[in-house]
Colleague: 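Pasting a structure here, questions to come.
Computed from a predicted structure; not experimentally measured. Order of appearance sets the numbers: ligands from 1, and atoms from 1 within every ligand.
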Amino acid sequence: MPHDSRLAGLLGIELPILQAPMAGGPSTPKLAASVSNAGGMGSLAGGMSSPDRIREEIAATRRLTERPFAMNLFVLETPHPAPEVVEHAVKLLQPLRDELGLPPQPPITKFCESFDEQFEALLESEPAVASFTFGILSESQVEALHRRRILVSGTATTVAEARAWQAVGADMVCAQGADAGAHRGTFLDSYENSLIGTMALIPLVCDAVKIPVIAAGGIMDGRGIAAARMLGAFGVQMGTAFMLCPEAGTSQLWRDALRNGAEHPTRVSRVYSGRAARGLVNEFMLRLSPHEHEIAPYPIQNALSGPIRRAAAQANRPEFLSLWAGQGVGLCREVPAGELVRILARETQEMLET
Ligand SMILES: Cc1cc2nc3c(=O)[nH]c(=O)nc-3n(C[C@H](O)[C@H](O)[C@H](O)COP(=O)(O)O)c2cc1C
């Protein structure tokens, strides 16, 4: 597969294939290290992790690979929701709690980890790359990462967001098309205005910024990688494609749903977490969809629906899980991550040679 010297030089990797960070289970040190060891770049998902867990996962990955890998965080402010916002969210979820035999929702005092503390842990641990979604860093935060020689990748779902990341000094931008699995990185406009398909978004972003663009969303094989390269992307970030790898922490119920993914639609919805995210349509999504615009924002809804999703997992009820998946889910392959990277490299080379 042709080497892209700009991306390879920047990241110190052989292949422009990045395994996406996948919070909620799929990302593991073993998955990230396997991808990095095969010449791509693995990512850890720290968005929902405590600072200690962030340090531990980076250390665990370092024990498995000497190659570069990324740690990802959600750029979030600690929320202080009005009591009526929480009460309404609890009321909407109560029928699902009842059905799973859960007691009434106890008060929640902590909705998410402190971003500042997560950021400190990231700085101290010095991964090769730090990637961010849901928001944008300040110039001084980017400088702090650069002082530690950590490269910065920001997620953009529109041209304006890509320009904003370039303006704060990011080294690269991950352009996330509407096809992508799980949460939208949107932070400037509404998610409805920011659902641009990967095929349109990549050339738009490539024309708008000078920093390297990483394409994400619905890329599942060498055809997708070659297409992204043709559209101007320096590399690709793939999530769904890695979810069935044995090294991924994807749960059994989730794996079963992904294996049947070709037969099922995906949709972007706010109902599970309060932030727009793409997943397989199931009963949870359909039942809460009429309330889409009343749902409490992330991370409030995420914290309140967490116990429901955990109880559903224990009760073998995938209809109440968040089954994140991208639109390419029907193309998932169940092979070890290192082998998948090698297959992808070979397929891409074949496509680019034809
Ligand atoms: C299960 C899952 C979890 C994800 N979690 C994160 C995350 O924690 N941080 C992040 O920046 N992106 C996350 N993403 C989005 C990916 O970075 C990427 O945009 C997406 O996987 C690309 O689309 P694809 O799944 O079709 O390959 C996640 C994607 C999936 C499928």
Side-chain angles (χ1 to χ4, degrees), residues 17-28 31-32 35 40-49 53-54 57 70-76 112-113 118 129-136 152-157 161 165 172-187 194-199 201-202 213-221 224-225 228 233 235-245 248-251 254-255 257-258 261 266 268 272-273 275-280 298-299 302 309 321-333 340 344:
I17 299 171
L18 280 58
Q19 165 252 314
M22 290 182 282
S27 271
T28 60
L31 178 63
V35 172
M41 197 180 77
S43 301
L44 298 169
M48 298 197 291
S49 305
R53 179 96 194 264
I54 288 169
E57 290 218 336
M71 172 53 92
N72 175 264
L73 293 183
F74 300 160
V75 185
L76 281 178
C112 64
E113 297 292 332
Q118 291 177 316
V129 178
S131 67
F132 298 90
T133 188
F134 293 10
I136 188 158
V152 178
S153 174
T155 306
T157 60
E161 289 172 354
W165 272 110
M172 61 203 127
V173 64
C174 178
Q176 185 192 41
D179 330 27
H183 286 102
R184 311 285 310 135
T186 303
F187 61 93
S194 312
L195 283 169
I196 305 165
T198 306
M199 186 87 174
L201 183 66
I202 303 313
V213 176
I214 314 285
I219 300 168
M220 302 297 290
D221 56 25
I225 299 173
V236 294
Q237 180 161 303
M238 301 163 67
T240 306
F242 284 98
M243 289 184 71
L244 288 181
C245 294
T250 318
S251 69
W254 199 350
R255 283 177 188 268
L258 294 170
T266 65
V268 173
Y272 301 99
S273 71
R275 175 170 265 276
R278 183 177 293 285
L280 292 164
Y298 192 97
N302 195 54
R309 292 182 279 156
L321 295 178
S322 45
L323 299 168
W324 308 136
Q327 286 186 315
V329 56
L331 294 168
C332 263
R333 287 176 278 194
L340 183 56
L344 293 168

Colleague: Within ligand 1, which atoms have a heavy atom of Q176 less than 4.0 Å away?
Modeller: 15 (C), 19 (O)

Colleague: Looking only at N/O atoms, are H183 and ligand 1 under 3.5 Å apart anywhere?
Modeller: no

Colleague: Give the numbers and elements of all ligand 1 atoms closer than 4.0 Å to a heavy atom of N72.
Modeller: 7 (C), 8 (O), 9 (N), 10 (C), 11 (O)

Colleague: Run the side chain to side chain donor-acceptor pair (under 3.5 Å) test against S194 and tell me which residues pass, sequence neighbours left out.
Modeller: none

Colleague: Measure the spacing between OG1 of T155 and CH2 of W165 and express it to the nearest 0.5 Å.
Modeller: 7.0 Å

Colleague: Out of curiosity, is P21 lining ligand 1, as in a heavy atom under 4.0 Å away?
Modeller: yes

Colleague: Which bit of F132 gets closer than 4.0 Å to ligand 1, counting heavy atoms only: side chain, backbone, both or neither?
Modeller: neither

Colleague: Please check whether W324 reaches ligand 1 - meaning an N/O of the residue sits under 3.5 Å from an N/O of the ligand, judged on distance alone.
Modeller: no

Colleague: Can you sort out which atoms of ligand 1 are near G217, meaning under 4.0 Å from one of its heavy atoms?
Modeller: 22 (C), 23 (O), 26 (O)

Colleague: Quick one: does any side-chain atom of W254 pair with a main-chain N or O of G249 as donor and acceptor, under 3.5 Å?
Modeller: no

Colleague: If you measure from atom 15 (C) of ligand 1 to every heavy atom of G181, A20, G239, which option wins on shortest distance?
Modeller: G181

Colleague: Classify the angle between the aromatic ring planes of H183 and Y298 as parallel (below 30°), tilted (30 to 60°) or perpendicular (above 60°).
Modeller: perpendicular

Colleague: Of the listed options (A178, A216, A180), which comes nearest to atom 23 (O) of ligand 1 when hydrogens are ignored and any heavy atom counts?
Modeller: A180

Colleague: Check each atom of ligand 1 against the heavy atoms of G218 and keep those under 4.0 Å away; list them by number with element.
Modeller: 23 (O), 24 (P), 26 (O)

Colleague: Within ligand 1, which atoms have a heavy atom of A182 less than 4.0 Å away?
Modeller: 2 (C), 3 (C), 4 (C), 28 (C), 29 (C), 30 (C)

Colleague: Please state whether F134 comes within less than 4.0 angstrom of ligand 1, counting heavy atoms only.
Modeller: no

Colleague: State the CD1-CD1 distance between I219 and I214, to the nearest 0.5 angstrom.
Modeller: 10.0 Å

Colleague: Does a side chain donor of either S273 or N302 reach within less than 3.5 Å of an acceptor in the other side chain?
Modeller: no

Colleague: Are the side chain of T266 and the backbone N or O of G279 linked by a donor-acceptor pair below 3.5 Å?
Modeller: no

Colleague: Between F134 and F74, what is the ring plane arrangement, given parallel below 30°, perpendicular above 60°, and tilted in between?
Modeller: parallel

Colleague: Restricting to side chain to side chain donor-acceptor pair (under 3.5 Å), what partner residues turn up for S322, sequence neighbours left out?
Modeller: R309

Colleague: Do T250 and P26 have side-chain heavy atoms sitting under 4.5 Å apart?
Modeller: yes

Colleague: Considering only the protein, which heavy-atom contact is closest to atom 25 (O) of ligand 1, and what is its distance?
Modeller: T240 OG1, 2.5 Å

Colleague: Numbering the atoms of ligand 1 from 1, which are under 4.0 Å from a heavy atom of W254?
Modeller: 1 (C)

Colleague: Taking only non-hydrogen atoms of F242, do any sit less than 4.0 angstrom from ligand 1?
Modeller: no

Colleague: Do the side chain of Q176 and the main chain of R184 share a donor and acceptor less than 3.5 angstrom apart?
Modeller: no

Colleague: Using a strict 4.0 Å cut-off to heavy atoms of M238, name the atoms of ligand 1 that fall inside it.
Modeller: 27 (O)

Colleague: Would you say Q237 has any N or O atom under 3.5 Å from an N or O of ligand 1, going by distance alone?
Modeller: yes

Colleague: Under 4.0 Å from a heavy atom of T133: which atoms of ligand 1 are those, numbered in the order shown and with their elements?
Modeller: 9 (N), 10 (C), 11 (O)

